[in-house]
Amino acid sequence: MKRVLKYTSMMVSALMVSAACNGSVKSSQQKEQASMESKGKILIVFFSHAGENYGVGNVKVGNTKLVADQIQKLTGGDEFEIVAEKSYDMPYNALTKLVKKEAENNEKPDFKGEVNDMDQYETIFIGGPVWWGTYPQVMFTFFDKYDLNGKTIIPFTTHEGSELGNVVNDLKKLYPNATFKEAMSIYGHETRNNLSKVDK
């Protein structure tokens, strides 16, 4: 009888240990899943200019949008295109004069739409053409509206010789508490037939 009780006691203990281990494993898996679900998503914010562009002529899809779409394919992130309320659909020479005036006057043109729940995003790709040394002024309207401090920011630009311009320094001034990853620039005309630089 004592042996039976001892054996039963051992079995119960073993079952309790097994249950505890299984519970621990399950708890660990649940924690890992919860951690994965709580990780922030990726957002690709960009401004792109369709119409007459230097180096590529009159295009229906802007150079920067081609890059943003490629990033979206690679990362699965969400996109938010900054679309100005005012029209920039004009000949290239007229556009350069207009945007130079905007930059000199530090104008902040309005844009359409908004980002739903910015808090859900952890990594933000920010892209645009380089206009007079930095991003288009309408993008600074966006920056004024959304606080990206604490997030990971990856800047990118399209250009025909300006490379990154001052965009990285400008973003660091606006978001001193953000984490910045290596920025990327690509020639606008290059986006038309070769996006391998984006892939890399």
Exercise. Remaining members of Leu66's ILVMFWY cluster at a side-chain heavy-atom cut-off under 4.5 Å?
Worked result: Val61
For this session: Using a 4.5 Å cut-off on heavy atoms from C-beta on, say whether the side chain of Gln137 contacts that of Asn106.
Result: yes
Exercise. Do the non-hydrogen side-chain atoms of Pro176 and Asn149 ever get within less than 4.5 Å of each other?
Worked result: yes
Just jot down the side chain to side chain donor-acceptor pair (under 3.5 Å) partners of [X], sequence neighbours excluded, or say none.
X	value
Asp199	Gln70
Lys101	none
Asn169	none
Asp78	Lys41, Tyr121

Kindly compute the distance separating [atom1] ([X]) from [atom2] ([Y]), expressed to the nearest 0.5 Å.
X	Y	atom1	atom2	answer
Thr123	Leu148	OG1	CG	11.5 Å
Asn53	Arg192	CG	CZ	7.5 Å
Lys100	Leu95	NZ	CG	13.5 Å
Thr157	Asn166	OG1	CG	11.0 Å
Ile71	Ile44	CD1	CD1	6.0 Å
Met118	Tyr146	CE	OH	6.0 Å

For this session: Treat each ILVMFWY residue as a node, draw an edge where side-chain heavy atoms are under 4.5 Å apart, and state whether Phe47 and Leu98 are in one component.
Result: yes
Exercise. Is the shortest distance from a Lys or Arg side-chain nitrogen in Asp69 or Lys73 to a carboxylate oxygen in the other one below 4.0 Å?
Worked result: no
Problem set entry | Trace of the side chain to side chain contact (heavy atoms under 4.5 Å, CB included) decision for Leu43 with Lys151 | CA-CA 11 Å; Leu43 178 66; Lys151 299 185 183 296; over 6 Å; no
Who are the side chain to side chain contact (heavy atoms under 4.5 Å, CB included) partners of [X], not counting sequence neighbours?
X	result
Glu182	none
Lys145	Phe111, Glu114
Ala178	Ile153, Tyr175, Phe180

Looking at residues at least two apart in the chain, or sitting in another chain, which of them share a salt bridge (charged side-chain N to carboxylate O under 4.0 Å, His left out) with [X]?
X	result
Glu190	none
Lys172	none
Asp144	Lys108

For this session: Starting from the C-alpha separation in whole Å, work towards a yes-or-no answer on side chain to side chain contact (heavy atoms under 4.5 Å, CB included) for Phe46 and Val67.
Result: CA-CA 9 Å; Phe46 68 97; Val67 177; over 6 Å; no
Exercise. Strictly by modelled atom types, are Ser87 and Asp89 linked by a side-chain donor-acceptor pair under 3.5 Å?
Worked result: no
Exercise. Any idea which heavy atoms bring Val168 and Ala183 closest together, and the distance?
Worked result: CG2-CB, 3.8 Å
Exercise. What pairs meet the ring pair (Phe, Tyr, Trp, His ring centres under 6.0 Å) rule with one or both residues in residues 147-173, with sequence neighbours excluded?
Worked result: His159-Tyr187
